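Encoded as structure tokens, the structure appears first; notes follow it.
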2 protein chains.
Amino acid sequence: MTPMPDLTDTVAAAAVVARTSRRPPGRREALLAAALDVIRRVGTSASMDEMAAEAGITKPVLYRYFRDRDGLITALADQFADVLVARLQLALRDAARATQTDADGVIHRAIESYVGFIEEDPALYGFLTQHAPPEHPALIAVIERVAGAIAGVIRDNFTAQGFDPRPAVTFAHGIVGMVHLAGASWARNRDISREELVDDLTALVSRGLTGAATPLQPR
Amino acid sequence: MTPMPDLTDTVAAAAVVARTSRRPPGRREALLAAALDVIRRVGTSASMDEMAAEAGITKPVLYRYFRDRDGLITALADQFADVLVARLQLALRDAARATQTDADGVIHRAIESYVGFIEEDPALYGFLTQHAPPEHPALIAVIERVAGAIAGVIRDNFTAQGFDPRPAVTFAHGIVGMVHLAGASWARNRDISREELVDDLTALVSRGLTGAATPLQPR
DNA sequence: TGAATCTATAACCACGGGTAATATTACTGC
DNA sequence: GCAGTAATATTACCCGTGGTTATAGATTCA
């Protein structure tokens, strides 16, 4: 907020705002990175003191950049969503011109990118879900952004094929939750291969329970 | 721990254990109920002091019945799982003899019971997810119990129809996550009717993306 | 009654989020 | 250069909450 206040008409005020902000530009990002480091190291119980120490500063500085702990959590969640949505968009890039036949390929790539993402940074996810209430605006924003991206693709394909696009948003939420929880459960014990997991989920999303098992044993 | 120490050989020790435990039988359940009450009233930030006060006792008594805060959370989660699984079993009762045709009915009932459950006690769910890490054994137990019940039904039907039962457990996890997140998102803004939500999720589970929209507009 | 013991309480400790009061650095005008 | 000023950083502190200890109150058997 107010990164560079514009000049006012009074001379006194001009003198005030003339002073350059000594706040380094990339500082906030560096603090976020330090917070992430300590979260990855000590787990979800990372304290504000520890994060400040990791960044080589003290607590009040942290509170200057992020209003409070909640602000830091929100910033982390936003960054999380940025990377995740970017990856998903990449996987869904050519989904618009996907026909029914290669729809499985799009779904497969999207699920794989999601699974890979929550797999490679479990600490951040754990920190967010533990310290933010499930109704936390930042977490809702993450879900809505991811689901929104998916819902857009579904809606496009449905309308292109003459289907009712209304369920798209519910479907998108369902898919997000499905991949998320199944991925988290899989990451715990890894009883099947990663490929099997993604294949199974792709089958479930694409053809559902009544159709998912069919290709394996065509009766 | 040591709810009733067994008799030793010394007479003195025998005299010790002769004294009846003055701990009332239903006390633990009453304390759990009081904890639930205060959680429903003040939200996820309910403290141990508040819960003790609600039950008309003080903190150390609470710590005598539940080892620590984590023990109370575990007890709440277990109770949560008990009721949820019981409801699900009821909905899945006649799923074993379900044919392909009425499979949708079983799925529909199961999803409806789940949605209804997380809808009617959001405070408990919020408390659990906020105060327990996502890898908390008690939460994992809830997920595994629910998913296990669903996986059993899927596996039975798959094997009965000559399909490969291996993906059943992944499918179950996926379905749990799907209904859960879609239900939570729906409970926030309720932009569609409850029936539409359950119908959509049933379609997604049963026939997937490629088949879900078909019945609405058969091309 | 009195000794022994289980139970509950009040007072306390530790620790983490959050915030003044205070010191330090850097820039401006003379 | 040198004050004066404003931004920045630090130390020390407050407060609430999980968890424990020292102590008082019941209750049972002799």
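Only this structure's heavy atoms are used, side chains among them; waters, hydrogens and symmetry mates stay out. Every chain is numbered from 1 and lettered A, B, ... according to where its sequence line falls, protein lines coming before strand lines. Here the structure is a predicted model, which means the values were calculated and not measured.
Tyr65(A) places its OH atom 10 Å from the C1' atom of dA9(D), with the value rounded to the nearest Å. Between the CZ atom of Arg64(B) and the P atom of dA8(C) there is a distance of 7 Å, rounded to whole Å.
Here Ser113(B) pairs with nothing under the side-chain hydrogen bond (donor to acceptor under 3.5 Å, both in side chains) rule; sequence neighbours left out. Qualifying ring pair (Phe, Tyr, Trp, His ring centres under 6.0 Å) partners for Tyr114(A), counting only residues two or more places apart in sequence or in other chains: none. Qualifying salt bridge (Lys or Arg N to Asp or Glu O under 4.0 Å) partners for Asp70(B), counting only residues two or more places apart in sequence or in other chains: none. Under the side-chain hydrogen bond (donor to acceptor under 3.5 Å, both in side chains) criterion, Glu144(A) pairs with His173(A), Arg188(B), not counting sequence neighbours. Scanning for salt bridge (Lys or Arg N to Asp or Glu O under 4.0 Å) contacts around Arg194(B) gives Glu112(B), Glu119(B), with sequence neighbours left out.
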Per-nucleotide protein contact string for nucleotides 14-21 of chain C (B base, S sugar-phosphate only, - none; heavy atom under 4.0 Å):
--SBBBB-

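Taking side-chain N and O atoms only, Arg27(A) has a distance below 4.0 Å to OP1 or OP2 of dA9(D).
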